[in-house]
Amino acid sequence: MPIEVLLVEDNPGDAELTRIALEDSKISVNLNIVEDGVEAMAFLRKQDKYTNVPHPDIVLLDLNLPRKDGREVLAEIKTDNSLKRIPVVVLTTSQAEEDIIKAYNLAANCYITKPVDFDQFVRIVQSIENFWFAIVKLPPE
């Protein structure tokens with residue numbers, strides 16, 4: 001059974017890099033991608049066009065998103081009883097201390113700054129995958 005991943009990422013290049021990094025996996029991963037926070041919450045709540053989507057095992061969340069930013073999405077996920085057990089990995093370009101503190105205060109499971117180098121980016125995604133999909137026991141839906 002594949003690991004269901006929801007990637008919330010508005011940068012098509014970063015979304016493609018994540019997809020490429022996960023393709024090389026020894027673990028079966030089903031990657032769903034949405035481009036903004038409004039779409040992320042619709043996906044998670046199975047609303048509108050997302051009524052038949054799988055429940056994600058993990059969310060990879062960018063902070064700087066259009067329409068509803070990642071901080072708002074994180075807050076909504078972690079205060080919703082039906083969603084709060086889904087691990088959320090913040091994967092963002094922001095190195096701002098205030099963003100790191102706020103993300104952890106909002107109950108992010110971890111905070112990772114995206115590297116600009118392609119090889120490093122792939123290594124980071126593969127490290128996330130190895131830790132969260134092979135080592136950690138994820139909660140059932």
Side-chain angles (χ1 to χ4, degrees), residues 1-80 82-141:
M1 203 161 139
I3 300 288
E4 296 292 340
V5 177
L6 175 59
L7 174 63
V8 187
E9 174 60 69
D10 64 320
N11 180 319
D14 287 352
E16 181 64 10
L17 286 178
T18 304
R19 188 188 62 70
I20 290 167
L22 291 174
E23 267 183 2
D24 291 339
S25 173
K26 294 171 182 60
I27 300 161
S28 179
V29 175
N30 183 32
L31 181 65
N32 292 282
I33 302 170
V34 295
E35 296 180 354
D36 65 52
V38 171
E39 293 294 310
M41 293 314 301
F43 186 102
L44 289 164
R45 293 184 173 134
K46 298 182 180 232
Q47 296 169 333
D48 306 322
K49 64 183 178 184
Y50 300 110
T51 54
N52 294 315
V53 297
H55 179 81
D57 295 304
I58 190 167
V59 175
L60 304 179
L61 178 65
D62 188 18
L63 288 184
N64 302 310
L65 298 167
R67 300 203 305 159
K68 179 181 290 201
D69 84 354
R71 295 156 198 85
E72 293 173 274
V73 171
L74 179 58
E76 283 189 45
I77 291 171
K78 294 302 183 177
T79 56
D80 183 319
S82 65
L83 303 174
K84 69 182 178 185
R85 283 187 304 278
I86 301 170
V88 178
V89 174
V90 173
L91 184 60
T92 186
T93 55
S94 174
Q95 296 181 29
E97 199 171 281
E98 64 197 50
D99 282 337
I100 296 167
I101 291 167
K102 181 159 185 156
Y104 281 115
N105 284 343
L106 292 171
N109 294 87
C110 68
Y111 190 104
I112 299 170
T113 303
K114 291 180 199 171
V116 291
D117 173 78
F118 170 78
D119 291 331
Q120 281 185 309
F121 188 92
V122 170
R123 274 196 303 278
I124 292 280
V125 171
Q126 289 172 341
S127 294
I128 292 168
E129 171 190 39
N130 184 51
F131 181 74
W132 285 101
F133 309 161
I135 297 171
V136 171
K137 182 85 170 138
L138 294 170
E141 182 181 344

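- Atom SG of Cys110 and atom CD1 of Ile100 lie 12.0 Å apart (nearest 0.5 Å).
- For Arg85, the CZ atom is loosely surrounded, since the number of other residues' heavy atoms within 6.0 Å does not exceed 12.
- Taking every heavy atom of both residues into account, Leu6 and Ala40 meet most closely at CD2-O, 4.3 Å.
- Taking CG from Leu106 and NZ from Lys78, the interatomic distance works out to 10.5 Å, rounded to the nearest 0.5 Å.
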Next on the checklist: Show, in sequence, the C-alpha distance, side-chain angles and deciding distance for Asp99 and Ile101, and conclude whether the side chain to side chain contact (heavy atoms under 4.5 Å, CB included) test is met.
Outcome noted: CA-CA 5 Å; Asp99 282 337; Ile101 291 167; over 6 Å; no
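- A side-chain donor-acceptor contact under 3.5 Å links Tyr104 to the backbone of Tyr111.
- Shown here is Glu97, whose CD atom has no more than 12 heavy atoms of other residues, nucleotides or ligands within 6.0 Å.
- Summarising the geometry, atom CD belonging to Gln120 is positioned 12.5 Å from atom CG belonging to Leu17; distances are rounded to the nearest 0.5 Å.
- The backbone N or O of Asn64 lies less than 3.5 Å from no partner atom in the side chain of Asp69, so there is not a single donor-acceptor pair.
- Here the closest non-hydrogen pair linking Leu83 and Leu44 is CD2-O, 3.6 Å.
- Between Glu4 and Val53, every side-chain heavy-atom pair lies at or beyond the 4.5 Å cut-off.
- For Tyr50, the ring-ring contact (aromatic ring centres under 6.0 Å, His included) test picks out Phe43, with sequence neighbours left out.
- For the side-chain contact (heavy atoms from CB on, under 4.5 Å) test with Arg71, the passing option among Leu63, Val90, Leu61, Leu65 is Leu63; the others fail.
- Contact record, Asp57 with Pro2: OD2-O, 4.0 Å, taken as the closest heavy-atom pair.
- Distance alone, capped at 3.5 Å, places no donor-acceptor pair between the Thr51 side chain and the Gln47 backbone.
- The shortest side-chain heavy-atom distance between Ile128 and Ile112 falls under the 4.5 Å cut-off.
- When all heavy atoms of Ala108 and Leu74 are compared, the closest pair comes out as CB-CD2, 3.8 Å.
- Checked options Val5, Leu7, Val8; the residue passing with Ile33 is Leu7 (criterion: side-chain contact (heavy atoms from CB on, under 4.5 Å)).
- In this structure, Asp62 CG and Asn11 CG are separated by 8.0 Å, a value rounded to the nearest 0.5 Å.
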Item to check | Full working for side chain to side chain contact (heavy atoms under 4.5 Å, CB included) between Thr79 and Lys84 | outcome: CA-CA 6 Å; Thr79 56; Lys84 69 182 178 185; over 6 Å; no
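- When atom types are taken as modelled, the side chain of Glu76 and the backbone of Val73 share no donor-acceptor pair closer than 3.5 angstrom.
- The distance from the OG1 atom of Thr92 to the CG atom of Leu60 is 12.0 Å, given to the nearest 0.5 Å.
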Checklist entry - What do the steps show when you test Val34 against Glu9 for side chain to side chain contact (heavy atoms under 4.5 Å, CB included), and what is the final call? => result CA-CA 6 Å; Val34 295; Glu9 174 60 69; over 6 Å; no
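- The pair Glu39-Lys49 counts as a salt bridge, with a side-chain nitrogen and a carboxylate oxygen less than 4.0 angstrom apart.
- Rounding to the nearest 0.5 Å gives a distance of 8.0 Å between CG of Asn52 and NZ of Lys46.
- Contact record, Leu91 with Ile124: CD1-CG2, 4.2 Å, taken as the closest heavy-atom pair.
- Annotation for Glu35: atom CD does not count as buried by contact number, only 12 or fewer foreign heavy atoms lying within 6.0 Å.
- Note on Asp36 versus Lys68: no salt bridge recorded, every NZ/NE/NH1/NH2 to OD/OE distance being 4.0 Å or above.
- The shortest distance between side-chain heavy atoms of Val125 and Leu22 falls below 4.5 Å.
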